[in-house]
Each structure stands twice: as structure tokens, then as C-alpha cells.
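Data first, discussion second: the structure below is written as C-alpha cells.
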Amino acid sequence: MDLGSETDQALVAQIVERDSAALDEVYRRYSRSVYSLAYRVLGDSTAAEDVVQEVFLKLWRQPQSYNPERGSLGPWLLSVTHNRAIDVLRRRRVREEYQLPETLEFEDIVVDQGADPSDLASLHEAADAIRRALAQIPEAQRQAIEMAFFQGKTHAEISEELGEPLGTAKTRIRLGMRKLRTFLEKEGVVTSG
Amino acid sequence: MNCDDVGELLDLFVLGALSRHEVEDVETHLESCPNCRTEIGRAWQAGQLLRLAVPTLEPPDSLRYRILAAARADLEPARAAVPAAPVQQRGSWRDWFSWLSAPRFAGAIAIVPLVLSLWLTTQVLSMRGEVQATQQALVKTTQNGVVAASILGKVVESPITSANVPAVTQLVGAPGAPDSWGKLYYFPNSNEGVLVVAGLPKQSDDKVYQLWLQSGGRVNPAGTFYCEETGRGMLVLPDGISLQTVEMLRVTKEQRGGSDQPHEPNYMWGRLRST
């Protein structure tokens, strides 16, 4: 049976019925995005692979944790990936700081269910737009945003790491995000409210 | 915290850049302020999109096999739970395991201290189930059966009575045997270990499965084993072998008697976690 033409929702329904071929098709569709995000956050392929495995096996073992009424599958997978990768990153920091042993359990993830980019544009178009938007904001602002989002750092940690006053770090993040939003609104990628 | 205060923090909130205390303050305000909830919805969209702002990378093929094998392995217990037609078998390995279910052993299990965490209990139950499921994997060699029974018995008991907790490494099927899976139970303190596998195709008479320990660029042989018609097999690790520096386990099919180096693609593999 060709699953390539099935909708994401149909594939998830088949996963509920324990059809591993449906999981394979979901993996084919989204593994690049999921792996790329995990690698961007964690910076090493081994940890990124572990996160990707956990994310897809979470869908396989707990398909009910994805609620199609609250968003599309792709953004949900990315949301789970981001949360998990940031969690791994923070645990890694704590572990290194206190020289703790690695823990193996995968705690349940509280998934944020915000706006869904796929309702606004295709994932590829949105990805292209956000990359162009990031390229247009000043380097210092982009750096502060990326440290927060991809490295899981608070504004206080960013301030300390960059050796800048707390207010400066907050302002850079705020200004950068506002420019991003303005650009994305002009592009029609996000709503202007 | 008023709307102006929250407005200053919304972007940091959606990026996860606020302290726990600040997050609580913002959330408290959002509960009672529809205007700020609308604003945060807009900020959230941009935050969601940042997840796409990464260079596109291709995950390795092995990751796909690993995930699919793990998913299919989940189905394995359900299949194993289907009662098989009773088969009268001769041979002593079945006898060796009869003591595993004997009252004295069940008694040992029954004294699990209540203070153990739910996690430990779950692990014990899981391991017991795996041990029982893999009893069928024990091959006819009596000596190996004795050693394996001893090690697997320790696996069941170890979380309760010993600091020598076994490490369990999962192996998954490679393209040559995508439905296969295996588990290596290994005691780091005593360097004892048993590999149990399922779902491997039965080897021809001139072939044997071989386990390899990969560390850095080096690959060392760690014993050979055969699979029954059922696809199950077992290997007791050679005496005193240490897995401390081993990064990866591989299983290949080799000529009968084994090889010095793997000659065929992986049938199964697994990565050891660093601790």
C-alpha cells in the first residue's frame, strides 16, 4: 500500500493501529526537520539522534499525545523536539556542573500548543521566510535570540555570557523579535493581529 | 505586573529566556488579561517559526532502522504472548530454567522492598518478562545454559539485592534483518553478560552469527552463536570481557567458526551509553 499520498492524520490513525509502515512514512516526511533542529540545539549528532528517536517513538508509543485539533503534525513534532532538546541541554549543563551520572529516562514532555505555522504557510515556505528574516536583523540581536531559543539560556545567563548589562540583553532580544515579527507579518507568514 | 510590564517580557517569554519566577508572574497576568493573551499569540507564532530556522541536515540511515526496529520490537511482546502449541522437547536447557519459576525464586522476588521506587519496580518486572520471553532462546549447550541461567537470574535479582546493577543495551535490526532485536544484559562489576536476540533468520549450516565490540576504529570479536528456527539465539560473553570502552555492538553473519574481522554487513547493532 502506498502511504505517500496519505494525510498526516490518516498516518497517525494507522500508527494508533500499530502500523509501523505509517511511522516509517511520517519519519520520511519529517525526520530531516526534526534531526536538523535537534542537532542545532545539541550540537552533536549522537545526542541529536537520541532525541529524534525519542520523538518518533513517543509518537509511536503515545500517539494520543498528539491532538490534531490543536495543530498539524509537523509543528507538533518540532515542538516536542525543541522541548526535549532544550531539556537535554539543560540536564547536560547541570550534570557537568555537579558531575552527575547520565539519566536514561525520557520524562513526559509538556508540549506547547501555540500557533501552528502550517496553518499559515507550508513548512518550507515558513522556513525560508524565517531564515530571511533572521538574516535581516542585526548580528547582536540575532545572537541573543539564538542563545535563548537554541541554547535554552535565560536573559540573565545571556547577559553574563556576553558581558553586557541585563537590560541590554533583554532589549536586544525584544528588538530582534519585534523586527522578526514585522518582517514575517509583511511576508504574510504570521498574522498581524 | 501590569500590561506594560508583560509587554516588555512577552518576547523573552516565548523564547524561554525568563527566569522561573518571571514566567510565573507573566502567566498569572495572562490568566486575567485577554489583550495580553492576544499579543502573546502573535509573539508565539514567530517563536514557533524559529524552529525552522536551522540548516537542513540529513539524518543517518541507521537512525531510521533503529527507530523502526524499536517500534517493531514493541510489537514483539504481544506476539510472544500468544500461547504457542505445546511442544514436547527433550533436552536439559528447559530443566535448567524450571528452577527460575520455582517457589524459592518466586519467594525472592516477593520480598521486593516496598521502599523501592516505581521505576525500579517497573524495571524488575520488565526484566523478568524479558527473561521469561527469552528462555526459549537458550540453545542446547548445557554449559552455556547454566551460565546464562545464572546471569539472567542475577539480572532479575540485582536491583533488589545488589549494587552491581546490570546495564541493558538494546540492539536493533539492520537492513539484513530489520525485524530483529536483541538485548545485552551486562554486569560491569563482574564483566558477566548475556546477549539474547530474536527475529534473526536462521543461519545456513556453514554460517554463524558473530558479536563484535567496536571501540574507536577497532572491532574485536566477542563470540559466535546460532539461531533456532524461531529466530531466537543467545550468547554468553567470554569470561572477563570488559565493555567499559566499547561504543558499539554489532552482529554479523560469518563463516562457521567465526572470523577475525567482520566480513558481512551488520544484521543487528546497538550503541552503549556512556555513563
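A note on names: the letters A, B, ... follow the listed sequences, proteins ahead of strands, and every chain is numbered from 1.
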Side chain, backbone, both or neither of A/R61 within contact of chain B (heavy atoms, under 4.5 Å): side chain
Can you give me the closest heavy-atom contact between A/R131 and B/A53, atom names plus distance? CG-CA, 4.1 Å
Please say whether more than 12 non-hydrogen atoms of neighbouring residues, nucleotides or ligands are located less than 6.0 Å from CZ in B/R37. yes
Considering only heavy atoms and a distance below 4.5 Å, find which of A/L37, A/V34, A/V52 pairs most often with chain B. A/L37
Heavy atoms of B/A43 and A/M177 approach each other most closely as O-CE, 4.4 Å
Do the side chains of A/I130 and B/R51 get nearer than 4.5 Å, heavy atoms only? no
Would you check if the side chain of A/R32 reaches a backbone N or O of B/P59 as a donor-acceptor pair within less than 3.5 Å? no
Taking B/T56, B/L12, B/L50 one by one, which has the highest count of heavy-atom pairs under 4.5 Å against chain A? B/L50
Counting heavy atoms not belonging to B/K202, are there more than 12 under 6.0 Å from its NZ? yes
Neighbour count above 12 (heavy atom, 6.0 Å) for A/E139 CD: yes
Per-residue tally against chain A (heavy atom, under 4.5 Å) across B/S62, B/P55, B/P60 peaks at B/P60
Donor-acceptor check, side chain of A/T154 to backbone of B/S19, threshold 3.5 angstrom: yes or no? no
Between A/T171 and chain B, which part of the residue has a heavy atom less than 4.5 Å away: side chain, backbone, both or neither? neither
Okay, B/E22 and chain A: the region with an atom under 4.5 Å from a heavy atom over there is side chain
Using a strict threshold of under 4.0 Å (side-chain N to carboxylate O), is an ion pair present between A/E49 and B/R64? no
Which region of A/L184, side chain (C-beta onward) or backbone (N, CA, C, O), has a non-hydrogen atom less than 4.5 Å from a non-hydrogen atom of chain B, or is it both or neither? side chain
Please determine, by modelled atom types, if A/S20 and B/R72 share a side-chain donor-acceptor pair under 3.5 angstrom. yes
Calculate, to the nearest 0.5 Å, the distance between atoms CG and CG belonging to B/L68 and A/L57 respectively. 9.0 Å
Between B/I67 and chain A, with a heavy-atom cut-off of 4.5 Å, which part of the residue counts as in contact: side chain, backbone, both or neither? both
Run A/R181 and B/D11 through side chain to side chain contact (heavy atoms under 4.5 Å, CB included) and show every step you take. CA-CA 10 Å; A/R181 285 161 57 184; B/D11 290 308; 3.0 Å; yes
Side chain, backbone, both or neither: which part of A/F149 has a heavy atom under 4.5 Å from chain B? both
Contacting moiety of A/F183, where chain B heavy atoms sit under 4.5 Å: neither
Would A/Y27 and B/L63 satisfy side chain to side chain contact (heavy atoms under 4.5 Å, CB included), going step by step from the backbone distance to the final call? CA-CA 10 Å; A/Y27 181 88; B/L63 180 57; 3.6 Å; yes
Run the side chain to side chain contact (heavy atoms under 4.5 Å, CB included) check on A/L78 and B/Q48 step by step: do they pass? CA-CA 9 Å; A/L78 291 177; B/Q48 288 268 312; over 6 Å; no
Take A/T46 and B/R271 through the test side chain to side chain contact (heavy atoms under 4.5 Å, CB included) and record every step on the way to the result. CA-CA 10 Å; A/T46 301; B/R271 193 173 61 232; 3.5 Å; yes
Looking at B/E27, I'd like to know if its CD atom is crowded, meaning that more than 12 non-hydrogen atoms belonging to other residues, nucleotides or ligands lie closer than 6.0 Å. yes
Proximity breakdown for B/L9 and chain A, heavy-atom pairs closer than 4.5 Å: side chain
Mind checking whether A/D50 and B/R66 have side chains closer than 4.5 Å, heavy atoms only? yes
